[in-house]
Structures are given as C-alpha cells and as structure tokens.
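Below is one structure; the comments refer to it alone.
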Amino acid sequence: MDSSRQRAVRPRNSSSGGGGALSIISRHATKKRVSIGLVWLFGLFAVFFAPAPVKITDEKLANFRHSIALAHKVEDRLAAAEQSYLEADMRARRHKVWFWRFRPEYREKVKAHDPEIRNAKTRVRALQQERDAMLKEAKSNLGIWSDAGIEESRKMLWTSFDSGKVFAQRQTFWDSLFTILRARDRDWVSLLVNLLLTALVNYTVGGIMAVVTFIFSLPSFISSYATSFPSGLLFFAVASVAAASLIAAYLALLYFSGAAVIYTTASFVNMQQRRLAYERQQRLRYGGRPHYE
C-alpha cells in the first residue's frame, strides 16, 4: 500500500519540478526582454532627447576661444610651411623627365632637392601636430560630455546614418533594375514581394554598416577631447548603444511597413481570386450569362 502511494507521488513531484523549471526559464526570458527593451529606449533617449550632463561655463568658453586663437596662428604658419613644401616638390619635379631614374644627370638633380623636401615635410608634420594638440586642448576645455561634444557626436551619428541610407538606396536601385529586366514570365505580385525583400536586405546591410562605421570612428573622436579613460569608455558605451538603438528602430519601422505592404497585397490578391472564382461559378450556373441579384 505504501509503495503504491510512493509511486503515485513521484510523477507529481517530477511534473511539478518540470513546471518550476519552465517557470524559472520563462521569468528569466521575460526579464531579459525587459532589459533589452529598456536599453533600447535609453539609446533612443540618448539620440533624441538627452541633454548634455556638463554645462559650458564662461570660463570654459574663454579658455576654448583662447586655444582656438592659438591654433589659428599655427594654421597660418602651417599654410606657409605647406606652400614651401609644395614649392620644393615642384622644383624637384622639373627634373623628373622621362626615365629620370636611369639618367644619372637628372637623378642627381632630383636627389639634390631631397634634403629640402625632407626638411619642409618635417616642418609641416611638426606644425600639424602642434595644431592638433591645441585643438585637443581647446576641446578638452569644454569636455566630451558638454553640449559641444554631444552635438558633435550626434552629427557624426547622423552622417554615418545618411551614408548607410545612400548605400542602401543605390544598391536597391541597381538590384531592382536587374530584377525587373530579368522578370519576363513572373507575375506582378511575386515581383513586388521580391523587390520589397531586396530593399529590406539592402537597408539592413546599410544600417549595420552605419553602426560599424560610427563605432570605429568613436575612438579618434574621444581622443580629440583628451578625456580620461573611464569617461571615454562610458561615452563609447553610451554612444554605441544609441547608434544601435537608432538603427534597430529604423529597421523595425521598415520591417513593419514591409509586412503591412505584403499583407495588404496578399489580401487584395485573395479578394481578387475569390471574386474571379465567384464569377466563374456564376457563369457555369447560368450558362455563361451574367446574373445579378
């Protein structure tokens, strides 16, 4: 008697254990989806609505303008150095006639200008580094989390986004053109669906390219503000999430629009087929004469 009760209890315990495991997995999946949704909303908020956490004070603005003024002075010297380099290079090019490397007299004349060209190039590089350092100092006075840094990063994101859209539009145009040229015996419904799926694939690739391009451009952008490593790492993470959230929202809107178009087209085709089937039945019933109620 006791053994039969134990056998009857065991299946209930195993089933309850399985139900508990399924409930735990379900709760974990729900929490994961909620977390992903919150991260996505945070990314969209960072793209469109988030204010700059650091305000630009009058002192920071004055230091920025002072550094920019110094950088402009270096720009003047850099322009003169670049002009000197171009002139030295042009003087050497005058002796670069046909097969000058195999003609000793011209080869020696070209080599005679090499020290001048190297010195001019070295000066240009030194002035470029000096200018870049002053620009970095000017940006560091404002900070990467200021209005200037946030707006510049948003402009970078929209530039990458536009380049991805241009790629998708160009690729879709050529794919659609070749698809239409090859579509001789296909009905218009399958052709429309094929064109729509091709466009979705191209825009997906363009969106991924936009995100990757933006993320790869972030390190140099963060370095230009001379920020600390923790601050730069946090900015990189927030900017990457914002870019991915923007592209995800854009692609979700495209997919929803594409699904709506496909559903509408399928409904229209189904309605047309039903109407044709009804008319066929009416003709068979009334001997080919149309019948109206």
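FYI, side chains are in, hydrogens and waters are out, and symmetry mates aren't considered; it's all heavy atoms of this structure.
Counting only distance, with no hydrogens or angles, the side chain of Thr227 and the backbone of Ser223 share no donor-acceptor pair below 3.5 Å. Judged purely by atom type and a 3.5 angstrom limit, Ser153 uses its side chain to pair as donor or acceptor with the backbone of Gly149. No donor-acceptor pair closer than 3.5 Å links the side chain of Arg123 to the backbone N or O of Ser84. No donor-acceptor pair under 3.5 Å is formed between the side chain of Arg131 and the backbone N or O of His72.
The environment of CE in Met271 is crowded: more than 12 heavy-atom neighbours from other residues, nucleotides or ligands sit within 6.0 Å. Remark: Arg125 CZ is loosely packed, at most 12 non-hydrogen atoms of other residues, nucleotides or ligands lying under 6.0 Å away. Within 6.0 Å of the CG atom in Asp58, the count of heavy atoms belonging to other residues, nucleotides or ligands does not exceed 12. More than 12 non-hydrogen atoms from other residues, nucleotides or ligands lie less than 6.0 angstrom from CD of Glu105. Heavy-atom contacts from other residues, nucleotides or ligands closer than 6.0 Å to CZ of Arg107 number more than 12. For Phe256, the CZ atom sits in a loose shell: 12 or fewer heavy atoms of surrounding residues, nucleotides or ligands are nearer than 6.0 Å. Surrounding CZ of Arg103 are more than 12 heavy atoms belonging to other residues, nucleotides or ligands, all under 6.0 Å away. Remark: Trp145 CH2 is packed, more than 12 non-hydrogen atoms of other residues, nucleotides or ligands lying under 6.0 Å away.
Within the 4.5 Å cutoff, no side-chain heavy atoms of Tyr106 are placed close to those of Phe99. Contact check for Trp100 versus Lys109: no side-chain heavy atoms found under the 4.5 Å cut-off. Side-chain atoms of Leu135 and Ser224, non-hydrogen and from C-beta on, never get closer than 4.5 Å to each other. In this structure, the side chains of Tyr255 and Thr204 come closer than 4.5 Å at one or more pairs of heavy atoms. Inter-residue side-chain proximity for Met156 and Phe221 is flagged as met; some heavy-atom pair is nearer than 4.5 Å. Contact check for Ile222 versus Leu233: no side-chain heavy atoms found under the 4.5 Å cut-off. Within the 4.5 Å cutoff, the side chain of Ser146 has no heavy atoms near those of the Lys55 side chain. Residues Val74 and Gln128 form no side-chain contact, since every pair of their non-hydrogen atoms from C-beta on lies 4.5 Å or further apart.
Residue Ile150 holds its CD1 atom at 12.0 Å from CG of Leu142, rounded to the nearest 0.5 Å. Note: Leu246 CG to Trp40 CH2 = 10.5 Å, rounded to the nearest 0.5 Å. Distance check, rounded to the nearest 0.5 Å: CD of Gln129 to CG of Leu127 gives 9.5 Å. Note: Ser228 OG to Ile144 CD1 = 9.5 Å, rounded to the nearest 0.5 Å. For the atom pair CD1 of Ile262 and CG of Leu197, the computed distance is 5.0 Å after rounding to the nearest 0.5 Å. A distance of 12.0 Å separates CG of Asn63 from CD1 of Ile68, quoted to the nearest 0.5 Å.
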query = Taking it one step at a time, do Arg118 and Lys121 satisfy side chain to side chain contact (heavy atoms under 4.5 Å, CB included)?
reply = CA-CA 5 Å; Arg118 283 196 300 268; Lys121 185 182 293 186; 5.8 Å; no
inquiry  = The test is side chain to side chain contact (heavy atoms under 4.5 Å, CB included); show your working for Phe161 and Phe214 and say whether it passes.
reply    = CA-CA 8 Å; Phe161 179 74; Phe214 175 73; over 6 Å; no
request  = Evaluate the side chain to side chain contact (heavy atoms under 4.5 Å, CB included) criterion for residues Arg91 and Glu116: first the C-alpha distance (whole Å), next the side-chain angles of each, then the deciding distance (0.1 Å), finally the verdict.
outcome  = CA-CA 10 Å; Arg91 284 192 290 269; Glu116 182 184 6; 2.2 Å; yes
ask   = Between Val110 and Lys96, is a side chain to side chain contact (heavy atoms under 4.5 Å, CB included) present by the stated rule, with each step listed?
value = CA-CA 7 Å; Val110 171; Lys96 292 182 179 181; 3.9 Å; yes
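Of all heavy-atom pairs spanning His113 and Ala92, the tightest one is CB-CB, 3.8 Å. Contact between Ser160 and Thr213 at its shortest, heavy atoms only, is OG-CG2, 4.2 Å. Smallest separation of non-hydrogen atoms from Asp89 and Arg93: OD2-NE, 2.7 Å. Across Leu218 and Ala239, no two heavy atoms sit closer than the pair CD1-CB, 3.7 Å. When all heavy atoms of Ala148 and Ile56 are compared, the pair lying nearest together is N-CD1, 4.2 Å.
Residues Asp132 and Lys136 are not paired through a salt bridge, judged by the lack of any N-O separation under 4.0 Å between the basic side chain and the carboxylate.
No continuous path of hydrophobic side-chain contacts links Phe167 to Ile208 [ILVMFWY only; heavy atoms under 4.5 Å]. Hydrophobic clustering (side-chain heavy atoms under 4.5 Å, transitive across Ile, Leu, Val, Met, Phe, Trp, Tyr) groups Leu44 together with Trp158. Following chains of ILVMFWY side-chain contacts shorter than 4.5 Å, one can reach Phe42 starting from Leu234, so the two form part of one hydrophobic cluster. In this structure, Val193 is not a member of the same hydrophobic cluster as Leu195, with clusters built from ILVMFWY side-chain heavy atoms closer than 4.5 Å. The cluster map of Ile, Leu, Val, Met, Phe, Trp and Tyr, joined by side-chain heavy atoms under 4.5 Å apart, puts Val211 and Leu253 in different clusters.
Contacts of Arg65 classified as side-chain contact (heavy atoms from CB on, under 4.5 Å), with partners at least two apart in sequence or in another chain: Leu61.
With hydrogens and angles left out, the side-chain atoms of Glu152 and Tyr225 include a donor and acceptor closer than 3.5 Å. Between Thr172 and Asn202, the side chains place a donor N or O and an acceptor N or O closer than 3.5 Å (distance only, hydrogens not considered).
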